[in-house]
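Ligands are counted one by one from 1 in listed order, and the atoms in each one are counted from 1 as well.
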Amino acid sequence: MRLLDLHHGIFRHIVPFHAELTALRRDLHAHPELGFEEVRTSARVVEALKLARVDEIHTGIAKTGVVAVIRGRRHDSGRAIGLRCDMDALPMREENDFAWRSTKPGLMHGCGHDGHTTMLVGAARYLAETRRFDGTAYLIFQPGEEGFGGAKAMIDEGLFERFPAQAVYAMHNWPHLPAGHVGVAPGPMMAAADRIEITVTGKGGHGAHPHLAVDPVLVAAHIITAAQSLVSRNVSPFDQAVVSICAMQGGDVGAMSVIPRQVKLVGTVRSFRSQVQDMIEERLGRLVESVAMGLGASATLDYQRIYPATVNSPREAQFAADVAASLVGEDHVVRHLPPSMGAEDFAFMLQVKPGAYLRIGQGREVADSSGFLHSSRYDFNDEILPLGAALFAALVEQAMPLSPH
Ligand SMILES: [Zn+2]
Ligand SMILES: [Zn+2]
């Protein structure tokens, strides 16, 4: 594959341990663990970091989180940067049949965090062996990205007080981007993800005598329709947002003539700017209450903000794109990747530190069944392990260069 033909010095150093990295990645894949339960995973990480001879290993941050400290050949510049990966798997059933498929029923590395962890281990080994930088690298192995807010938990436990990085970088594999490509944007990368729960309360009764009841099913139908006006009529066409009602529950499918008392709607709101997010929360709340009131019922909105938007700082995004271009060539770097409406808890780190979230292409040249993230047939593409490790390492070397003397 083309990646291995590159002549950059980092590759020459990392490629010889590609096989070991692949073995580690497949071992992690075979033993997936849920957020904050990555006990075996973090033990494997610690073992690899010890072998790599990093300077310090700190464990137990946000339960299973690990931070490795690697000091450069010089470290009097006062510079420090953080590199972050996620370690958790998903509560889903794997449908692959290769040898390293999940050994745990109902758990799967369906998002490639096994690969991210391995790439950062690869970077640790390279950086500890070469130390061609002036400053300190903090390698952050984070638990619980998939809905658990592990990044926030680490920050709340003093991550950046203990390891004062001046900027942080993370990367996520991206099946839509060919292997060997890197994508980034100087602003929003992923959306803010909010959870909405609407409870509509009417008055139960007989379906044959609706005038004696207050039908919450009809009210819910109007709310579902009206909610779709928020984005089309309230959000500027130059902003992006999504309102999706994804679940509804009311009545009993076995009871054709019972009007229930209550209906619940559950969904999600995605947005990039906090002004848009605030506006949707406020208007959706008013809309829910007033539609219900107009129809003689009552309704409440429970609006929970899960993850903020993942927004790169422009300077660090451009720097990261330059670093990527130094490895794969300018023609393999997408500098203005359109944002995704998915969400990512690295957002919490970017709220407190400048930095960038990158997408590393993992699409295969031959179409196969590897599938998209969170698909039961997904697998991380081991071919990109050296590139990911090299990219993490190059961020350190180029952010904190040794002075030439
Ligand atoms: Zn995921
Ligand atoms: Zn993920």
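Salt-bridge annotation for Arg84 and Glu344: present, with a side-chain N of the basic residue lying under 4.0 Å from a carboxylate O of the acidic one.
For Gln249, the CD atom counts as loosely surrounded, since its 6.0 Å shell holds 12 or fewer non-hydrogen atoms of other residues, nucleotides or ligands.
For Glu316, there are no salt bridge (Lys or Arg N to Asp or Glu O under 4.0 Å) partners at least two apart in sequence or on another chain. Under the side-chain contact (heavy atoms from CB on, under 4.5 Å) criterion, Ala309 pairs with Ala192, Val311, not counting sequence neighbours. Not a single side-chain contact (heavy atoms from CB on, under 4.5 Å) links Thr225 to another residue, sequence neighbours left out.
Applying side chain to side chain donor-acceptor pair (under 3.5 Å) to Arg25 and the options Thr118, Asn381, Asp382, Thr117 leaves one that passes, Asp382.
By the criterion of a separation under 2.8 Å, the protein N/O/S atoms near the Zn ion (ligand 2) amount to Cys111 SG, His113 NE2, His172 NE2.
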